[in-house]
Amino acid sequence: MATNLVSLKNALNTDGVKAKFADMLGKKSAGFMTSITTVVQNNALLQNADVNSIILAAAQAASLDLPINPNLGFSAIIPFNDKKA
């Protein structure tokens with residue numbers, strides 16, 4: 001398990017983050033938050049992404065009530081590196 005995945009799980013388990021997703025999704029929030037972890041677990045590039053960036057991307061999808069499962073095609077969290085080397 002990548003260190004970033006542990007950090008993501010810890011961030012998702014904070015009361016503030018749980019409350020925000022619950023406000024947006026109601027009873028569906030727990031399942032949605034699990035899907036965030038699953039999406040990151042299945043994508044090596046996302047495992048290296050900033051945890052806050054992942055949560056913000058997921059929150060955008062949640063605010064539109066869209067699932068983030070890439071197989072469904074409604075929304076996806078896509079890793080992007082804009083750092084100038």
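Index from 1, following the sequence.
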Name the one of I77, T14, L8 that satisfies side-chain contact (heavy atoms from CB on, under 4.5 Å) with I55? L8

Would you say L5 and L12 are hydrophobically clustered, going by side-chain heavy atoms of ILVMFWY under 4.5 Å? yes

I'd like to check the side-chain contact (heavy atoms from CB on, under 4.5 Å) partners of N43; sequence neighbours left out, ordered by chain and number. L45, L46, P79

If a pair satisfies salt bridge (Lys or Arg N to Asp or Glu O under 4.0 Å) and one of its residues is in residues 69-81, list it, with sequence neighbours excluded. none

Any salt bridge (Lys or Arg N to Asp or Glu O under 4.0 Å) involving residues 42-63? Give me the pairs, sequence neighbours left out, ordered by first then second residue. none

Residue pair F32 / A58: nearest heavy atoms and the distance that separates them: CZ-O, 3.4 Å

Can you name the nearest heavy-atom pair linking N42 to Q47, along with the distance? N-NE2, 4.4 Å

With rounding to the nearest 0.5 Å, note down the distance linking OG1 in T34 to NZ in K9. 9.5 Å

Can you list the residues that meet the side-chain contact (heavy atoms from CB on, under 4.5 Å) rule with N69, with sequence neighbours excluded? N71, L72

More than 12 heavy atoms of other residues, nucleotides or ligands under 6.0 Å from CG of N13: is that the case? yes

Residues 16-27 side chain polar contacts: donor-acceptor under 3.5 Å, at least two apart:
none

Side chains of V51 and N4: does their closest heavy-atom pair fall under 4.5 Å? yes

Please check if the side chain of S75 supplies one atom and the backbone of P67 the other of a donor-acceptor pair under 3.5 Å. yes

Give me each pair satisfying salt bridge (Lys or Arg N to Asp or Glu O under 4.0 Å) with a member in residues 66-80, each pair once, sequence neighbours excluded. none

Partner residues of K28 under the side chain to side chain donor-acceptor pair (under 3.5 Å) criterion, sequence neighbours left out: D65

